[in-house]
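The sequence lines fix the lettering, A, B, ..., with proteins before strands; numbering per chain opens at 1.
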Amino acid sequence: MKYDFKVCDKKWQDRWEKAHAFEAKDDFSLPKFYALIEFPYPSGAGLHVGHIKAFQSLEVISRYKRMRGYNVLFPIGFDAFGLNTANYAIKTRRHPRDVTDENIAHFTQQLKRAGFSFDWSRVIDTTDEDYYKWTQWIFLKMFEHGLVYRDKAMVNFCPHCNVVLSNEDSQGGKCDVCHSDVIQKAKDVWYLRITKYADRMLEGLEHVDYPQNIKQQQINWIGKSTGAYVNFPIKDTDDKLRVYTTRPDTLFGATFMVIAPEHPIIDKYSARIANIEELNAYKAECAKKNEFERTQLVKEKTGVKIEGLTAINPINGAEIPIYIADYVMMSYGTGAIMAVPAHDSRDYEFAKKFGLPIIEVIKGGNIDEAAYEGDGEMINSGFLNGITTKKEAIEKAIKYLTEHGIGEAGVQYKMKDWAFNRQIYWGEPIPIIYCPKCGMVPVPYEELPLRLPDVKNIEQGVGGESPLAKIESFVNCKCPQCGGDAKRETDTMPQWAGSSWYFLRYCDPHNDKCLADPEKLRYWMPVDWYNGGMEHVTRHMIYSRFWHMFLYDIGVVPTPEPYKKRSAVGLVLGADGEKMSKSKGNVVDPNDVIEIYGADTLRTYILFMGDYGMAAPWNDSGVKGCRRFLDRVAGLTDIVKGHGVTPSLERSFHKTIKKVSSDIEEMKFNTAIAALMTLINEIYDAGTLTHEELVTFIRLLYPFAPHICEEINEYIGETKMLAFCTWPEYDEAKTIDDTIEVAIQINGKLRGTIMLPRGASKDDAIATVKADGRIAPLLEGKTIVKEIYVPDRIVNIVVR
RNA sequence: GCGGGUAUGGCGGAAUUGGUAGACGCGCCGGUCUUAGGAACCGGUGGUAAUCCGUGCAGGUUCAAAUCCUGUUACCCGCACCA
């Protein structure tokens, strides 16, 4: 058979669609499998080969699971709100709706062309008002349950995009969208109380099947630490300086305190601080730097002593000085620390520079040279003296603090509450109304969706004002409670909102009564297998787990965790081994590959490149190799003859079915394809195969290269589409050979191989080896010290 | 600095989890067919003339190590003055 992909690809894509081959059935009696890929952001650049790789894993598994009798939900959608589209729309003077529709159409065309078996009847678009109605609904539910609050805060602000960013969106001090430097700005911020769920998110990790490195990243991101809060009285005032420390056991070694430059205590006591001007100058200097610069730059410690305020170490009454320094952040802990220079390297560095006393309280290091952060016997520490373990010392110290009202045990998280508002047009409007009489009033549920006003001009406001603020017809409204004049919130939700629950909507995408029917959620949830990129492990995954836990708490979803299993895709690098990027000119467009080689070649190659979870560089010759393989598959139709079993191939077929099945389930696609290549080489060596064997072969290859397999299936006279066929079975007994090649070693060095019957006894095996013409001479005149026999593997004779 | 990962032919990568290193593919070499081939097909291909040497490097455990242990180097990813 000649393989003409140009005809074949389209033909089968149309037939599958006509037959509704990949639509998930809401038949709750069937075993279900919910395969989820991260829905793409429909950018103007179109799909790239990295997307294909990310989707292709569960694509293969979905096709495989369907053949194994599962009711598979493998949906697709578009995460379309966001700054990128908004900025592009502003630049091109178009409406983001039009831009989005156009991009989605382009993505859809590309995805269909690659032959993905998505359930297209369930497509969702986060910018669709029937979808974001429910995003707003969830927000209001959170508001109702006290998980939403508003606060003035210093926020990460991108002066280029004119928008507030979350910590997650401004990593490394750069705007996630335009990569400009992020600055700090005081603003009203809507927060989601994600920290309330920190412990449960940590605990939940114990019950899900994520790779260890993903769990670790989430654990680090949440960043839970345990320790104590300690209150240090400020001399001659009623005030106390509250600190957080993980090492309350070292309290006797605290010789000074450091507070963040923004700490409110400075303004409060400015009148009695002698060097207030110097302090203000230092503060101003710090304010110029963003948090990134303050934390990133490797530099000497700086700081200024506060003249006029003295703290008292509550454990021993010692008077100690207070400094301001930028190595203490207002955003972590209490914005103040007790400095124990003997046992903390940062405090040590600071103490050395400012000539402050260093008191050793744990034996084991040399405090003349460096801070000692290890374990050891407590000294110079009153009631703690003599204790040798950190654990015991900390427990005793906390007990003392609590009993004497000096402090108490406490925990801290690196994770912050989620700054949830943005000042862009292209996002879900936050459904809150400000009434001069009633205060903040939620938009009534029955008025959802709160639609984006349809306007021509969506230019960003200046200084961080939302574009919606200029639209009076939107802003001005009536208070739902008192009916008086009121104004709407004009900020919108961040990009991550819509993706925090989209997997729920797939279960019931057209429901207009609730976000999804509870019975359908009970059947489909949780997601059985979620695949995506490492870059979403700490943002999207944390956010969506948080929302899902909340929805579980209010009885909307049936399980606390949304994803049962998670896997990660490795990057597709450019041919030069570098990350693909427009500027490097090493980007591969899937359409170009499909144009030349067809969808099946692209699909097969992208999984054959290497270990699925690892980055691998693109190689055009490698693509050709896969095309060659598919041509050889098509060629099988020319040598197919008769029915039944070809004796010389029988075992190879059973072995290959076993190998391909297990490899697919373990995402070892490269070796699954290699096994099929090995089998086809054997078939061509045999020169023939039967009709049934060819059917088996194309069913095994079908999940990877479905178009050509369907075509062959039809060509050889089969009437049922492979999409509806079952997966081949194998006979375990026939995956094992009767005679096995066993290695012969003398003193651990390979000296030959020998064919032995499977499971041969040790005596037989050794005897056969000793009688072997190549081995016997090597044993001549030697003393045999030891004979090792691993059945079906190896014979090793140790001689002297 | 902390956490995670990786290192195997000219290249991408295999290796039943301690048991014949280099499966499969690319590339390369040789051949067949061809006016021609950067097409297709067939054969070969870790190094070395060879006893031998070979999985980043140096040790160790073992009859046996890519795989386990100790130390070390390089690169990649994430977090980062987190108190």
Do K624(A) and C26(B) have a side chain to base donor-acceptor pair shorter than 3.5 Å?
-> no
Is it possible for you to check whether K301(A) lies under 6.0 Å from the centre of the six-membered ring of Y327(A), through NZ or CZ, and within 45° of that ring's axis?
->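 Verdict for Y327(A): a cation-pi partner in K301(A).
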Hey, what's the ring geometry for F256(A) with F350(A), parallel, tilted or perpendicular (30° and 60° as the breaks)?
->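 Geometry flag for F350(A) against F256(A): parallel rings.
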Every stem of 3 or more Watson-Crick or G-U pairs under 3.5 Å that RNA chain B joins, in order of first number, is B:1-7 with B:73-79, B:10-12 with B:24-26, B:27-32 with B:40-45, B:56-60 with B:68-72
Counterpart residues, salt bridge (charged side-chain N to carboxylate O under 4.0 Å, His left out), relative to D620(A) (two or more places apart) |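 Testing D620(A) for salt bridge (charged side-chain N to carboxylate O under 4.0 Å, His left out), a comparison that skips the adjacent residues, returns none.
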For D249(A), which residues count as a salt bridge (charged side-chain N to carboxylate O under 4.0 Å, His left out) partner, sequence neighbours excluded?
-> R247(A)
Y413(A) and D199(A): side chain donor to acceptor below 3.5 Å | yes
[X] side, atom [atom1]; [Y] side, atom [atom2] - distance, nearest 0.5 Å:
| X | Y | atom1 | atom2 | value |
| --- | --- | --- | --- | --- |
| K668(A) | K659(A) | NZ | NZ | 5.0 Å |
| Y244(A) | Q412(A) | OH | CD | 6.0 Å |
| I788(A) | I766(A) | CD1 | CD1 | 8.5 Å |

Only counting residues at least two apart or in another chain, list the ones meeting side-chain hydrogen bond (donor to acceptor under 3.5 Å, both in side chains) with N213(A).
->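 Per chain and number, N213(A) pairs via side-chain hydrogen bond (donor to acceptor under 3.5 Å, both in side chains) with no residue.
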Pairs under 3.5 angstrom, nitrogen or oxygen only, protein versus nucleotides 46-52 of chain B, please.
{"residue": "C52(B)", "atom": "OP1", "partner": "R751(A)", "partner atom": "NH2", "Å": "3.3"}

Starting at the 5' end of nucleotides 11-20 of chain B, put B wherever the base has a protein heavy atom under 4.0 Å, S where only the sugar-phosphate does, and a dash everywhere else.
-> -BSSSB--BB
Go through G4(B), C41(B), C63(B) for me and flag the one nearest to the R632(A) side chain.
-> C41(B)
